Each structure stands twice: as structure tokens, then as C-alpha cells.
Amino acid sequence: MSYCDLCPRNCPVDRTERPGFCGMGDALKIARAGLHFWEEPVISGERGSGTVFFSGCNLRCVFCQNYNISTGGDGKAVTIDRLREIYRELIAQGAHNINLVTPTHYLNAIAESLSPALPVPVVWNSNGYESVSQLKKLEGKVQIYLPDLKYADNQLAMKYSSAANYFETACAAIDEMFRQTGKFEFDDNGMLTRGVIIRHLIMPGALENSLKVIEYVSSRFKPGEVLFGLMRQYIPCGIVSDQRFPEINRQVSDEEYQIVEDALFASGIEDGYVQDESSASDEFIPEFDGSGV
């Protein structure tokens with residue numbers, strides 16, 4: 001039997017026969033494809049990022065804004081050839097890049113879909129829970145990595161995402177991403193052409209976690225090497241209304257955000273982005289209706 005080793009779960013299942021932890025079988029499944037304008041400015045630009053939202057996920061984030069597709073499994077099955085067509089259609093619409101969202105559990109198929117090389121940068125937009133050995137297969141195929149660094153506290157990682165070894169796993173993955181891309185680079189129009197943007201979502205009541213993430217990134221990378229995105233967009237989604245998670249069934253307060261932002265500005269991290277309060281809104285969550293697929 002061939003076991004799946006595309007992510008750190010190393011599921012003891014053959015996904016041609018039954019789903020892995022990600023909830024998906026072997027076939028590509030996509031929930032939406034279209035131009036997306038709500039990424040970092042250097043990704044979305046004026047024309048939008050050509051975004052492909054894949055179904056399934058190798059984490060179990062109870063607060064996921066895309067819960068219907070990450071855990072619910074909504075989406076349409078497509079072939080690798082159809083995925084290549086979707087890339088071409090998005091590029092024809094003016095996409096600055098091709099943005100692959102939650103792609104990890106389809107890594108082999110996606111790597112195949114990226115040959116021949118595309119005329120725009122490819123963005124690997126992931127939760128950060130990646131296998132270094134698998135990421136090596138993407139070298140030369142992906143120009144921009146957009147990983148989350150959700151947790152420095154593995155107890156929180158286990159409680160909210162079912163990933164007890166998240167921090168060390170994501171840190172090793174981000175190191176590999178940086179090895180592949182090197183320092184970030186922009187084109188003449190200020191659009192990112194290669195590099196790593198590390199994202200961190202502030203969660204309510206988890207300030208120490210955020211402060212540790214900032215401390216780690218500031219100590220690991222020098223100015224000019226990676227970009228850092230501090231995200232304030234948390235709203236209660238997924239199953240956080242369940243009585244097991246009352247502490248995160250609210251938005252981040254102004255005071256909490258200010259503490260984390262102040263720590264960021266004092267950290268030595270010079271390159272990146274912050275979000276304002278208006279980002280914490282469900283109006284920025286796309287409709288996962290199969291459009292563009």
C-alpha cells in the first residue's frame with residue numbers, strides 16, 4: 001500500500017482508496033478560482049491575484065474562515081489539465097500571479113501542473129504546516145511563499161488546529177521556503193516577484209503566542225530577508241461558537257491589537273504589513289460556489 005507523505009501527518013492511508021486527515025482523496029478538488037483583491041498589496045496589486053482555493057486541509061483549525069471547504073469538503077473535482085487551463089484563464093484576466101490557497105495535500109499534482117513554467121509568479125499560500133522534503137519538489141516552480149506562522153505555543157496549536165508539533169514544523173518549512181527564494185524582490189511596479197511573506201493572525205486571548213511569534217521571526221531573519229504580515233482579521237468562524245471554545249468566540253480587542261502591534265514595531269522587523277480594524281469582517285470571505293472552476 002502507498003501511504004500519503006505529502007504533509008507532516010504522514011497519513012497511514014492510500015488516498016486513492018480513502019481520504020487522508022485532510023479529508024480529501026487523490027483527485028484535485030477546487031472550491032473557487034478568480035481574481036482576489038484582498039491579499040497584501042504586493043500580491044493583489046491593481047489587477048488582482050489569480051487565486052485558486054483548494055478543498056480540504058491538513059489542519060483542523062476550529063476558527064477557519066474557509067471552514068466549508070477546508071473541513072466541509074465543498075468543491076469540484078478537476079484534472080491537472082483543467083487546472084492548467086484555470087491558470088491560463090486567470091492570467092488572461094490580468095492576474096499578477098497565480099495564488100494557490102491551501103495546496104499542501106495536492107503537492108504532487110500541483111507540481112506537475114506547473115510545467116511548463118507560467119509567465120507570472122506562483123504563490124504557495126499555505127498554513128505553514130509543511131514537510132521540508134516535499135517542499136523541495138517545488139524548487140524552481142514556486143517564486144513566492146505565503147505561509148502562516150499561527151502558533152509559537154504548541155498547546156494552542158493542538159487545541160485549536162490538532163497539530164501538537166506545529167511550531168517546529170512550520171519553522172523548518174519556512175526556513176526551506178526562504179532557502180528556495182532568497183531575499184524578497186519587487187518588480188518596477190512594486191509587485192512581489194519572489195520571496196517569503198510570513199503571516200501571523202492575532203487571536204483573542206492569545207497575546208503571548210503572538211509576542212513569541214514576533215520574537216522568533218525578528219531573531220531568525222534579518223531586515224530585507226522576509227516580509228511579515230500581522231493580521232487583525234480574526235472573526236469567530238468555523239465551530240468556535242461550540243461551548244468548548246468560549247475564549248475565542250469574539251474579535252480581538254483594540255487593546256490586544258495595540259499590544260501586539262507595539263511589540264512588532266519595537267522588534268526590529270522592518271518589512272511588512274499590518275491590518276486595520278475593518279479587516280475583521282466576513283465581507284472579505286469569498287463565496288465558495290465553484291465559480292471559475
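Being a predicted model, the structure only gives us computed values, none of them experimental.
Between Ser126 and Met177 the shortest heavy-atom distance is OG-CE, 4.1 Å. Heavy atoms only, all atoms of each residue included: Ala95 and Leu35 are closest at CB-CD2, 3.7 Å. When all heavy atoms of Tyr151 and Val213 are compared, the closest pair comes out as C-CG2, 4.1 Å. Summarising the geometry of Met24 relative to Ser55, their closest heavy-atom pair is CG-O, 3.5 Å, with the distance given to 0.1 Å. Nearest heavy atom pair, residue Ser267 against residue Ser218, reads O-CB, 3.5 Å. Heavy-atom minimum distance, Tyr166 versus Gly128: OH-CA, 4.2 Å.
Between Met231 and Ser279, every side-chain heavy-atom pair lies at or beyond the 4.5 Å cut-off. Within the 4.5 Å cutoff, side-chain heavy atoms of Leu135 are placed close to those of Gln180. Proximity of Gln155 to Lys159: side-chain heavy atoms (C-beta onward) are nowhere separated by under 4.5 Å. Side-chain contact check for Leu138 versus Val122: every heavy-atom pair is 4.5 Å or farther apart. At least one side-chain heavy atom of Tyr257 sits less than 4.5 Å from a side-chain heavy atom of Leu230. Using a 4.5 Å heavy-atom threshold, the side chains of Ile202 and Tyr234 count as separate. Between Phe288 and Asp74 the shortest side-chain heavy-atom distance does not fall below 4.5 Å. Side chains of Gln251 and Ile235 form a contact here, defined as non-hydrogen atoms less than 4.5 Å apart.
Val196 is not connected to Val101 by any chain of hydrophobic side-chain contacts under 4.5 Å among Ile, Leu, Val, Met, Phe, Trp and Tyr, and they are in different clusters. If you chain together hydrophobic residues whose side chains sit under 4.5 Å apart, Val42 and Val226 never meet in one group. Residues Val260 and Phe167 fall within the same hydrophobic cluster, defined by Ile, Leu, Val, Met, Phe, Trp and Tyr side chains chained together at heavy-atom separations under 4.5 Å. Ile43 and Phe186 fall within the same hydrophobic cluster, defined by Ile, Leu, Val, Met, Phe, Trp and Tyr side-chain heavy atoms under 4.5 Å apart, directly or through other members. In the hydrophobic clustering of this structure, Tyr67 groups with Phe54; members are Ile, Leu, Val, Met, Phe, Trp, Tyr whose side-chain heavy atoms approach within less than 4.5 Å, directly or through other members.
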- prompt: Can you list the steps and then say if Cys7 with Phe21 is a side chain to side chain contact (heavy atoms under 4.5 Å, CB included)?
  reply: CA-CA 10 Å; Cys7 89; Phe21 184 92; over 6 Å; no

- request: Give the intermediate values and the outcome of side chain to side chain contact (heavy atoms under 4.5 Å, CB included) for residues Glu208 and Asp153.
  value: CA-CA 9 Å; Glu208 190 62 29; Asp153 183 335; over 6 Å; no

- request: Go through the steps for Lys150 and Leu201 under the test side chain to side chain contact (heavy atoms under 4.5 Å, CB included), then give the verdict.
  value: CA-CA 6 Å; Lys150 296 179 182 292; Leu201 176 67; 5.7 Å; no

- request: Applying side chain to side chain contact (heavy atoms under 4.5 Å, CB included), run through Met191 and Thr193 and close with a yes or a no.
  value: CA-CA 6 Å; Met191 298 299 296; Thr193 58; 5.6 Å; no

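Checked against the 6.0 Å centroid threshold, Phe63 and Phe245 do not count as a close aromatic pair.
Within 6.0 Å of CD on Glu168 lie more than 12 heavy atoms contributed by other residues, nucleotides or ligands. The environment of Glu247 atom CD is dense: over 12 non-hydrogen atoms of other residues, nucleotides or ligands sit within 6.0 angstrom. Atom CD of Glu40 has more than 12 neighbouring heavy atoms from other residues, nucleotides or ligands inside a 6.0 Å radius.
The closest donor-acceptor contact from the side chain of Arg9 to the backbone of Leu6 lies at 3.5 Å or more, if one exists at all. Counting only distance, with no hydrogens or angles, the side chain of Arg199 and the backbone of Leu146 share no donor-acceptor pair below 3.5 Å. Not one N or O on the side chain of Asn66 forms a donor-acceptor pair closer than 3.5 Å with the backbone of Ser70. The backbone N or O of Pro8 sits nowhere less than 3.5 Å from a side-chain atom of Ser131 that would complete a donor-acceptor pair. Using modelled atom types, no side-chain atom of Thr16 and backbone atom of Asp26 make a donor-acceptor pair closer than 3.5 Å. A donor-acceptor pair is defined here as one N or O able to donate and one able to accept, closer than 3.5 Å; such a pair exists between the side chain of Gln134 and the backbone of Asp5.
At a threshold of 4.0 Å, the pair Lys136-Glu176 counts as salt-bridged, since one of the basic side-chain nitrogens sits closer than that to a carboxylate oxygen. In this structure, Asp276 does not pair ionically with Arg232, as no charged nitrogen and carboxylate oxygen lie closer than 4.0 Å.
In this structure, Glu261 has no salt bridge (Lys or Arg N to Asp or Glu O under 4.0 Å) partners at least two apart in sequence or on a different chain. Applying the side-chain hydrogen bond (donor to acceptor under 3.5 Å, both in side chains) rule to Gln233 yields the partners Gln275; only residues at least two apart in sequence or on another chain are considered. Every residue two or more places apart in sequence or in another chain that forms a salt bridge (Lys or Arg N to Asp or Glu O under 4.0 Å) with Asp175 is listed here: Arg220. Ile259 meets the side-chain contact (heavy atoms from CB on, under 4.5 Å) test with Leu207, Glu255; sequence neighbours excluded.
Tyr145 and Thr181 form no side-chain donor-acceptor contact under 3.5 Å, judged by distance and modelled atom types alone. No side-chain donor from either of Thr79 and Asp81 sits under 3.5 Å from a side-chain acceptor of the other. Between the side chains of Asn165 and Tyr129, a donor-acceptor pair is found at a separation under 3.5 Å.
Sorted by first and then second residue, the side chain to side chain donor-acceptor pair (under 3.5 Å) pairs involving residues 105-123 (not counting sequence neighbours) are Tyr87-Ser113, Asn108-Lys137, Ser115-Lys141.
Taking NE2 of His200 as the start and OG of Ser210 as the end, the distance is 2.5 Å to the nearest 0.5 Å. For the atom pair CD1 (Ile110) and CD1 (Ile98), the distance works out to 12.0 Å, reported to the nearest 0.5 Å. For the atom pair CZ of Arg82 and CG of Leu28, the computed distance is 12.0 Å after rounding to the nearest 0.5 Å. In this structure, CD1 in Ile197 is found 11.5 Å from CG in Asp148, a value given to the nearest 0.5 Å. Interatomic distance, CD1 of Ile269 versus CD of Glu225, reported as 12.0 Å (0.5 Å rounding). Between the OG atom in Ser253 and the CD atom in Gln258 there is a gap of 10.5 Å [rounded to 0.5 Å].
With respect to Asn58, the side-chain hydrogen bond (donor to acceptor under 3.5 Å, both in side chains) criterion is satisfied by exactly one of Thr104, Asn127, Thr102: Asn127.
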Expected list for residues 44-51: side-chain donor-acceptor pairs under 3.5 angstrom, two or more places apart:
from  : atom 1 : to    : atom 2 : distance (Å)
Ser44 : OG     : His36 : O      : 3.3
Ser44 : OG     : Glu39 : N      : 2.9
Arg47 : NE     : Gly94 : O      : 2.6
Arg47 : NH2    : His96 : ND1    : 3.3
Ser49 : OG     : Asn97 : OD1    : 2.5
Ser49 : OG     : Asn99 : ND2    : 3.2
Thr51 : OG1    : Ser49 : O      : 3.0

